[in-house]
Q: 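Please find one structure pasted underneath; my questions will follow.
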Amino acid sequence: MTGDSWADRSDRDLGMDCRIPRRDFLNGMALAIGGLALPDWFSSLDLSGQAPEQAAYYPPALTGMRGNHDGAFAHAHALRDHAFWTSAGAPKPTGERYDLVVVGAGLSGLAAAHFYRQQVGARARVLILDNHDDFGGHAKRNEFQVGGRTMLGYGGTQSIESPAKYSSVAKRLLVELGVETKRFYQAYDQALYSSLNLGTGVFFDRETFGTDRLVAGMGSPSWPAFLAKAPLSVAARRDISRVYTENVDYLAGRSRAAKRALLAKTSYADFLTKIVKLDPAVLPFFQTRTNDLWGVGIEAVPALACFEQGDDYGNPLPGFEAMGLREGETGGKEEPYIFHFPDGNASLARLLVRRLLPEAIPGHTMEDIVTARADYGRLDDSRSAVRIRLNSTVVRVRHTGPAKDGVEVAYMRGGVLQTVRGAGCILACYNGMIPHLCPELPEPQRNALAYGVKTPLIYTHVALRNWSAFQRLGVNQIIAPGSYHPYVALDFPVSLGGYKFPSRPEEPMVLFLLRTPCKPGLSQREQHRAGRAELLETNFATFERNIRDQLARMLIPAGFDPARDIEAITVNRWAHGYSYSYNSLFDPEWPKPERPHIVGRQRFGRIAIANADAGASAYTDVAINQAHRAVGELVSARK
Ligand SMILES: Cc1cc2nc3c(=O)[nH]c(=O)nc-3n(C[C@H](O)[C@H](O)[C@H](O)COP(=O)(O)OP(=O)(O)OC[C@H]3O[C@@H](n4cnc5c(N)ncnc54)[C@H](O)[C@@H]3O)c2cc1C
């Protein structure tokens with residue numbers, strides 16, 4: 001049976017009527033969609049909204065729409081729309097006072113709490129507030145139960161990337177958390193997929209390329225041989241092959257600096273068609289190769305950035321090999337992309353929580369954190385010096401008198417507007433939110449904070465009964481340039497502590513699917529705004545149908561049955577995903593001190609600003625570095 005004969009699959013063929021769990025959280029309360037059974041622990045929850053994290057509350061096990069789950073952003077959007085305070089009424093003081101209140105329980109907020117206690121003392125009282133039902137920010141854990149075993153996935157922040165390049169502060173934090181990155185060389189089975197003869201395939205979809213076809217072995221045994229099987233025009237095959245195989249300096253005669261300056265102002269799409277002079281028919285093949293790293297397609301990403309970073313799947317973007325763009329050697333071997341816990345950097349968040357609140361997560365090592373079950377009932381315990389309060393959207397942070405008297409923080413939790421006081425406050429939420437929280441900030445600072453637009457991303461995980469279809473097709477990852485999800489991959493093969501990777505194709509698997517909603521033709525920031533609007537309008541059923549349809553079209557020829565083989569789906573929706581990094585195609589070249597993230601992150605009285613946005617770079621080490629800077633600023637202000 002060919003993929004095409006499934007073109008008109010019904011919802012039933014796709015398994016839309018199958019009873020997979022689809023549980024979401026809404027306003028801090030779990031809901032079952034479609035009359036499905038609720039987890040046992042749900043019935044013991046206090047749903048008054050004041051204490052939803054008691055009893056067996058355990059958000060990592062929820063499936064359905066996660067990430068920015070429903071209920072997490074309603075108050076923030078009301079604030080943005082100037083609608084919040086018109087109906088909020090007067091906040092109720094809780095009477096609680098802290099040395100530090102942190103807004104945001106992502107890696108930056110958790111690290112800020114850790115650094116603060118290091119600098120001020122372990123007895124310092126710290127409250128961390130977050131609007132989500134779980135801690136970690138983007139570093140979130142997804143759990144699945146398949147065939148009697150627990151399978152893990154990463155809701156967002158995926159891996160510790162290039163730890164050798166981390167700052168001394170970030171390296172030291174890893175050590176303090178017990179993370180020895182060299183252990184991943186054993187934990188990550190780098191040979192698994194190649195030992196099974198699996199590699200990268202390309203799925204050509206009929207809407208873009210005229211027919212549905214999966215071609216395995218990207219670029220092998222040679223580019224012409226691979227492309228001969230692809231539904232592409234003669235010109236497209238010839239030119240894709242050319243750019244991958246010929247060794248030409250397309251800007252010969254110019255200095256390295258002149259080449260780099262030109263490529264910084266040329267999109268990769270224009271580089272291919274105007275400088276390498278490929279037929280425009282090649283563009284659909286490359287269009288979404290930049291989506292994972294930049295959240296936009298090749299028409300909005302500078303060619304220079306494509307040269308420097310490649311795509312995110314281990315394949316360099318072609319055309320630069322002979323152009324002499326890099327000076328000398330790169331200074332040592334690049335580290336492999338293997339520093340991955342089975343739940344991604346959620347393990348770092350969990351290690352930080354364990355450090356702050358040892359009673360909330362048992363264990364002592366980077367191995368036992370993988371399977372340790374967090375006790376959410378211990379996060380917000382009045383007996384602890386550190387408290388983490390979830391399902392709490394901060395709506396205002398202000399000095400109510402002289403700065404030295406500290407800060408009042410107002411937040412919504414369980415429908416109640418309440419306040420706490422802190423001697424200081426660190427905003428580890430994200431830059432775009434801060435002007436709404438702190439209208440007293442100077443206008444230039446508010447404008448600077450509002451400049452960057454975070455990248456919307458969807459990280460979907462699908463729990464499969466087995467991964468035999470991938471083995472039959474000879475692929476462990478699929479680039480799908482025109483599809484709803486332009487990238488689909490089997491999980492990273494990592495076994496750590498008690499967690500064993502399902503290395504046999506007949507075992508269950510957590511599959512990863514990426515989507516970055518965007519609108520080609522606009523600037524990067526406008527594309528992100530359009531993508532975010534799309535996310536708000538897309539419900540779980542739409543995602544589910546697209547997931548099932550795409551997997552069917554790619555995998556049915558290898559015996560996959562979406563109605564039979566899909567056990568659970570978690571769509572991690574990140575409307576405010578990667579921190580905005582400047583794009584040389586669209587952004588001015590400000591002198592460093594005038595860059596919006598530098599202007600925006602200045603301390604204001606007893607309020608300091610952390611989060612990866614404050615470093616204009618979407619990486620874990622940046623979130624950590626910014627936390628350290630913010631703590632330093634706040635502690636100095638106390639002296
Ligand atoms: C899908 C995805 C994948 C990524 N993969 C990687 C990777 O592999 N490696 C890497 O190094 N980096 C990766 N990143 C970058 C990642 O953002 C950083 O690594 C890091 O996790 C950011 O941490 P943070 O604390 O700065 O921000 P966040 O994780 O965004 O945490 C901020 C928290 O503050 C909360 N908040 C916001 N406003 C309020 C409010 N008003 N009240 C209460 N709480 C509020 C937010 O909801 C959030 O929970 C990825 C990012 C995304 C989105």
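Each ligand, and each atom within it, is numbered from 1 in the order the structure gives. Owing to the predicted nature of the structure, the values given are computational and were not obtained by experimental measurement.
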Q: Establish, yes or no, whether a centroid distance under 6.0 Å links the rings of F501 and F492.
A: no
Q: Where does the angle between the aromatic ring planes of F115 and H628 fall among parallel (under 30°), tilted (30 to 60°) and perpendicular (over 60°)?
A: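 Ring orientation of F115 relative to H628: perpendicular.
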Q: Evaluate the ring planes of Y451 and Y582, with Trp represented by its six-membered ring, and classify them as parallel (under 30°), tilted (30 to 60°) or perpendicular (over 60°).
A: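 Tilted: the ring planes of Y451 and Y582 meet at 30° to 60°.
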Q: Begin with the C-alpha distance, continue with both residues' side-chain angles, and end with the deciding distance and a verdict on ring pair (Phe, Tyr, Trp, His ring centres under 6.0 Å) for H597 and Y580.
A: CA-CA 9 Å; H597 72 286; Y580 187 72; over 10 Å; no
Q: Could you check if a side-chain atom of L177 sits within less than 4.5 angstrom of a side-chain atom of M366, using non-hydrogen atoms only?
A: no
Q: Is it true that H461 and F512 have ring centroids separated by less than 6.0 Å?
A: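 Under 6.0 Å, so yes.
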Q: For a distance cut-off of 3.5 Å, show me each N or O of ligand 1 paired with any protein N or O, plus the separation.
A:
| from | atom 1 | to | atom 2 | distance (Å) |
| --- | --- | --- | --- | --- |
| ligand 1 | 5 (N) | Q158 | N | 3.3 |
| ligand 1 | 8 (O) | Q158 | N | 2.9 |
| ligand 1 | 8 (O) | S159 | N | 2.9 |
| ligand 1 | 8 (O) | S159 | O | 3.4 |
| ligand 1 | 9 (N) | S159 | O | 2.8 |
| ligand 1 | 11 (O) | T620 | N | 2.7 |
| ligand 1 | 11 (O) | T620 | OG1 | 3.1 |
| ligand 1 | 12 (N) | A618 | O | 3.4 |
| ligand 1 | 17 (O) | H138 | ND1 | 2.7 |
| ligand 1 | 19 (O) | T620 | N | 3.0 |
| ligand 1 | 19 (O) | T620 | OG1 | 2.9 |
| ligand 1 | 21 (O) | T157 | OG1 | 3.0 |
| ligand 1 | 25 (O) | L107 | N | 3.2 |
| ligand 1 | 25 (O) | S108 | N | 2.8 |
| ligand 1 | 26 (O) | N611 | ND2 | 3.1 |
| ligand 1 | 26 (O) | A612 | N | 2.8 |
| ligand 1 | 27 (O) | N611 | ND2 | 3.0 |
| ligand 1 | 29 (O) | H138 | N | 2.8 |
| ligand 1 | 30 (O) | H138 | NE2 | 3.4 |
| ligand 1 | 36 (N) | N131 | OD1 | 3.4 |
| ligand 1 | 41 (N) | V394 | O | 3.0 |
| ligand 1 | 42 (N) | V394 | N | 2.9 |
| ligand 1 | 44 (N) | N131 | N | 3.3 |
| ligand 1 | 44 (N) | N131 | OD1 | 3.3 |
| ligand 1 | 47 (O) | N131 | OD1 | 2.7 |
| ligand 1 | 47 (O) | H132 | ND1 | 3.1 |
| ligand 1 | 49 (O) | D130 | OD1 | 3.2 |
| ligand 1 | 49 (O) | D130 | OD2 | 2.7 |
| ligand 1 | 49 (O) | H132 | ND1 | 3.4 |

